Structures are given as structure tokens and as C-alpha cells.
Amino acid sequence: MAHLALSQLALSVPVGGDFSLRRSAFKASNLNSQDKLWAPVGTLNLKANHSRLRNRHVTCMSVQQASASKVAVSPLGLEDAAEPPLNLHKPKEPYTATIVSVERLVGPKAPGETCHIVIDHGGNVPYWEGQSYGVIPPGENPKKPGAPHNVRLYSIASTRYGDSFDGKTASLCVRRAVYYDPETGKEDPSKNGICSNFLCNSKPGDKIQITGPSGKIMLLPENDPNATHIMIATGTGVAPYRGYLRRMFMESVPTYKFGGLAWLFLGVANTDSLLYDDEFTKYAKDYPENFRYDRALSREQKNKKGGKMYVQDKIEEYSDEIFKLLDNGAHIYFCGLKGMMPGIQETLKRVAEESGFSWEEKLSQLKKNKQWHVEVY
């Protein structure tokens with residue numbers, strides 16, 4: 001695709017009053033002389049933030065213009081390590097990072113709030129796609145007076161280069177945990193999630209204690225750049241896949257030129273609950289031979305039996321194709337709430353038995369071949 005002149009791209013949109021816009025934001029500060037184009041750094045709900053943005057301008061571009069080129073990243077030395085970084089900062093000696101931004105990702109009709117949180121680690125807590133950071137919220141552990149809170153793990157939602165492509169930030173996708181009393185139906189703040197509320201309430205400049213990185217099970221296998229990767233997520237479980245997909249389709253990484261198939265299944269409640277939808281839709285448009293994107297919207301769609309459409313129902317729709325891809329060596333990933341797995345396993349087992357083979361044997365083979373990757377919480 002031909003490159004577009006930068007002078008053709010910028011469109012200055014005033015934000016203020018009750019003007020509402022929900023799309024990817026583009027930051028001029030991320031552009032250096034080698035960058036071919038600006039790229040989305042996060043999905044903003046500008047209505048929720050209009051008071052902070054009232055007298056500013058947000059630079060936006062159409063999807064067509066934004067697809068002209070991949071983005072240069074640095075430092076490329078982050079590609080040199082043979083093994084992923086692990087536990088560089090332990091709970092007793094966490095790293096003090098800084099909050100860059102906190103943006104609401106979901107629309108007004110989404111049940112609950114999910115935030116995209118960018119953290120500046122200054123290049124001191126490097127990680128690979130698919131790893132997690134630990135976060136230690138401020139305050140005292142109520143079960144251990146005088147001791148800090150326990151570490152909470154969050155899958156990283158950015159590539160190793162971060163949303164500003166300079167290797168100095170990491171992004172988290174966090175759903176605010178709110179407790180409602182079953183009898184009164186009212187929120188009980190004393191039982192709300194301590195860490196998720198700390199993160200979603202954070203402001204730019206706030207300090208945050210992080211540990212890690214940790215985890216190897218969800219690392220993206222890059223030995224075969226033409227491999228197939230089937231990614232299944234519910235809600236914030238989409239976080240590691242955002243990192244994979246930005247590495248595959250947004251960033252210009254000299255040592256990793258993806259030419260395979262990435263297929264994302266995302267299960268959420270409704271359209272307003274979709275996470276990073278603008279980014280994923282753009283990849284599907286720009287790379288139709290390499291990326292497929294299927295959504296399961298439980299409160300808006302029906303499965304073939306007339307019930308709610310969950311991610312396992314969407315998997316069942318394409319089960320023949322999925323099993324053929326697995327037979328040919330595809331990797332399959334699951335990330336999200338642990339409650340997603342029983343329904344998915346039951347669906348895969350039923351489909352396998354209907355096709356005349358043993359799901360237990362197939363699963364054993366997938367695990368043996370390291371094609372099966374699960375991270376649930």
C-alpha cells in the first residue's frame with residue numbers, strides 16, 4: 001500500500017462541551033523521523049473525559065488513512081534476549097512506576113467499568129507479550145496489620161514497546177471490581193476490589209508499585225512467523241491478545257514479520273462492552289488474509305438454540321475449521337475468568353465426540369505439542 005504524506009493525515013477535532021466521540025486517539029508526540037505514520041495508542045471515551053479535554057484538540061485519522069504503514073519501534077535491543085525477562089522485581093522490592101493515563105474503555109451501556117491504564121516504567125521493567133505485571137496497591141493488608149497488600153497479577157495489554165512504541169511503558173486492561181449487596185442491591189464500597197479500584201481511580205503522575213514480569217504459558221511462539229494462533233477471551237482476558245496483535249499488525253519489528261493467521265474470539269455482554277474494538281476491526285480490514293475477528297455478545301446475540309451467545313457458542317459455529325487448524329499445528333489460547341473454561345471444554349468435548357474422536361486424547365496431544373495455552377483467574 002502506498003505511503004500517505006503526513007500533511008494529508010492530520011485532522012484537528014475540537015473537543016468540548018457535550019461533544020462526544022469514541023474512537024482511537026493518535027498522539028503526535030509518538031512520531032519520530034523514522035515513523036511512517038501515527039498509530040492508535042488507546043481507545044478513549046472522550047465524553048467521560050470531556051472536562052479534562054475541553055480546551056484541547058484531539059488529532060484523529062480515518063481507518064483508511066491510518067492503515068498506510070506500520071510504526072517504527074525502539075529500542076530494537078528488546079529483541080535480543082533469548083529468554084523472556086522473569087521476576088526482575090519481587091514483592092519485597094517492587095519497582096515504583098508512574099501512571100501515565102487512565103481511560104475508560106467501555107460505553108455507557110456496558111455492565112461495569114473497564115479501564116485502559118498506561119504505566120511508565122522507564123524501561124526498567126521490560127517484558128514480553130503475554131506476560132503479567134504484579135501490582136501492590138497502597139495501604140495495609142487488613143489480614144496482616146503492618147504488612148503491605150498482597151500482589152495482584154494483571155496481564156499486560158501492550159507489546160514490549162508499549163503504547164508509545166519506545167519501550168518505556170506498559171498497559172493494563174482492568175475491570176473495576178464492585179460489590180453489590182445481594183439483599184439491598186446497593187454497592188458496598190467496603191467490599192470493592194482494592195487493587196482494581198486503586199488502578200481505575202489513579203491519575204496521571206500517581207506512583208504505583210509493580211513486580212514481575214511473570215509468566216511463560218501465554219508467551220507468543222515466534223519460531224514460525226507463519227503459524228496460526230486462535231485466541232479466545234472473555235472480557236479483560238483480551239489483554240495479552242492486544243499485545244500479540246499490535247506486534248503482528250501495527251509495529252514494524254525487523255525480526256518478526258507475521259505471515260500466518262491470527263483468529264480472535266471475544267466474548268462480552270454487549271456492543272458497549274467491546275474492548276479495543278477499533279484496533280481489531282482495523283486489522284481485519286487491513287489484513288483480511290491474516291486476521292479474523294469474531295464477537296460473542298451474550299445480551300445481544302442468540303446462539304443456534306435461541307439462548308444467549310457465549311464465546312463457546314461462537315467456537316462451536318466454527319468447530320470443524322478450528323479442529324482442522326489444530327490438527328495442522330495451530331496454537332490455541334484461552335484467557336479470562338476461570339468460569340469460561342468448563343463451558344468451552346464441554347463444547348469442544350461434545351463436538352469431538354460427534355465427530356467420532358476422543359477429546360481427552362486430542363487435548364493430551366495439544367498439551368504435549370505445546371499448542372494449548374490457558375491463563376484464567
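Small disclaimer: the values here were computed from a predicted structure and weren't measured. No hydrogens, no waters, no symmetry mates; every other heavy atom, side chains included, goes into these values.
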* Asked: Hey, are E317 and K304 close enough for a salt bridge, meaning a charged N less than 4.0 Å from a carboxylate O?
  -> no
* To do: Say whether, by atom type as modelled, one donor and one acceptor occur between the side chain of T347 and the main chain of G343 under 3.5 angstrom.
  => yes
* Would the number of heavy atoms belonging to other residues, nucleotides or ligands and lying under 6.0 Å from NZ of K314 be above 12? -> yes
* To do: Compute the ring centroids of Y287 and F258, then answer whether they are less than 6.0 Å apart.
  => no
* **Check ion pair D286-K70 (N to O, under 4.0 angstrom)** => no
* Is it the case that more than 12 heavy atoms not belonging to E93 sit under 6.0 Å from its CD atom? -> no
* To do: Taking N290 for its side chain and G260 for its backbone only, find out whether a donor-acceptor pair lies under 3.5 Å.
  => yes
* Distance-only donor-acceptor check, side chains T96 and Q209, under 3.5 Å -> yes
* Indicate whether any N or O donor in one side chain lies under 3.5 Å from an N or O acceptor in the other, for Y293 and D277. => yes
* **Inter-residue atom distance S214.OG - L88.CG, 0.5 Å rounding** => 10.5 Å
* N201 backbone acceptor or donor facing K203 side chain under 3.5 Å -> yes
* Might you confirm whether atom NZ of K362 has over 12 heavy atoms from other residues, nucleotides or ligands at distances under 6.0 Å? => yes
* Check: F198 main-chain N/O paired with S202 side-chain donor or acceptor under 3.5 Å -> yes
* Mutual orientation of the aromatic rings belonging to W263 and Y318 [parallel < 30°, tilted 30-60°, perpendicular > 60°] -> perpendicular
* Could you tell me whether the side chains of Y154 and S196 share a donor-acceptor contact shorter than 3.5 Å? => no
* Structure fact -> Correct closest heavy-atom pair for A170 and I156 would be CB-CG2, 4.3 Å
* Roughly how far, to the nearest 0.5 Å, is the CG atom of L172 from the SG atom of C115? -> 11.0 Å
* Asked: In Å and rounded to the nearest 0.5 Å, what is the NZ to OG distance from K168 to S74?
  -> 8.0 Å
* From the options M340, E375, M231, select the one residue that forms a side chain to side chain contact (heavy atoms under 4.5 Å, CB included) with C335. => E375
* **K257 atom NZ, over 12 foreign heavy atoms within 6.0 Å** => yes
* Asked: Would R292 and E321 satisfy salt bridge (Lys or Arg N to Asp or Glu O under 4.0 Å), going step by step from the backbone distance to the final call?
  -> CA-CA 13 Å; R292 294 171 66 173; E321 196 171 356; 2.5 Å; yes
* Is it true that atom CZ of R299 has more than 12 heavy atoms of other residues, nucleotides or ligands lying nearer than 6.0 Å? -> no
* Structure fact -> For R152 and P137, the nearest pair of non-hydrogen atoms, with its separation, is NH1-CG, 3.9 Å
* For the residue pair L266 and G235, what are the closest heavy atoms and their distance? -> CD1-O, 4.0 Å
* Structure fact -> Here the gap from R242 atom CZ to L275 atom CG, rounded to the nearest 0.5 Å, amounts to 10.5 Å
* Asked: Could you give all pairs that pass the ring pair (Phe, Tyr, Trp, His ring centres under 6.0 Å) test and reach residues 324-349, with sequence neighbours left out?
  -> H229-H331, H229-Y333, Y244-Y333, H331-H373, Y333-H373, F334-W372
* Asked: Short question: side chain of E129, backbone of R160 - any donor-acceptor pair under 3.5 Å?
  -> yes
* Shortest non-hydrogen contact between S158 and Y127, atoms and distance -> OG-OH, 2.9 Å
* **Under 3.5 Å side-chain donor-acceptor pair for R176 and N192** => no
* With rounding to the nearest 0.5 Å, note down the distance linking OG in S101 to CD1 in I117. => 9.0 Å
* Counting distance only, does the side-chain N/O of S319 pair as donor-acceptor with the main-chain N or O of E316 below 3.5 Å? -> yes
* Apart from L219 itself, which Ile, Leu, Val, Met, Phe, Trp or Tyr residues share its cluster (side-chain heavy atoms under 4.5 Å, direct or through members)? -> W128
* Structure fact -> Of all heavy-atom pairs linking P138 and H149, the shortest is O-CD2, 3.3 Å
* **side chain to side chain contact (heavy atoms under 4.5 Å, CB included) between V351 and W359, intermediate numbers included** => CA-CA 9 Å; V351 170; W359 169 243; over 6 Å; no
* Centre of Y276's six-membered ring, under 6.0 Å away, within 45 degrees of the axis: is that where NZ or CZ of R246 sits? -> no
* Flag, side chain of Y241 to backbone of I232, donor-acceptor distance under 3.5 Å -> yes
* Side-chain donor-acceptor contact under 3.5 Å, T281 with D278 -> no
* Under the 3.5 angstrom rule, does the side chain of E251 hit a backbone N or O of F165 as a donor-acceptor pair? -> no
* Structure fact -> Result for side chain to side chain contact (heavy atoms under 4.5 Å, CB included) between F265 and one of T234, D294, V238 points to D294
* Keeping to residues at least two apart or across chains, list the ring pair (Phe, Tyr, Trp, His ring centres under 6.0 Å) pairs with something in residues 83-105. => H89-Y95
* Asked: About how many Å separate CD of Q312 and CE of M309, when rounded to the nearest 0.5 Å?
  -> 10.0 Å
* **Check: V125 and P85 side chains under 4.5 Å, non-hydrogen atoms** => no
* Asked: Counting only N and O atoms by type, is there a donor-acceptor contact under 3.5 Å from the side chain of N87 to the main-chain atoms of G212?
  -> no
* Does K302 pair with D313 as a salt bridge, N-O distance under 4.0 Å? -> no
* To do: Test side chain to side chain contact (heavy atoms under 4.5 Å, CB included) on K282 and F249 and set out the steps.
  => CA-CA 10 Å; K282 177 182 178 301; F249 301 122; over 6 Å; no
* Crowded around E360 CD? As in, over 12 foreign heavy atoms under 6.0 Å? -> yes
* **T159 versus G243, closest heavy-atom pair with distance** => CG2-O, 3.2 Å
* Are any side-chain N or O atoms of R104 and backbone N or O atoms of G107, one a donor and one an acceptor, separated by less than 3.5 Å? -> yes
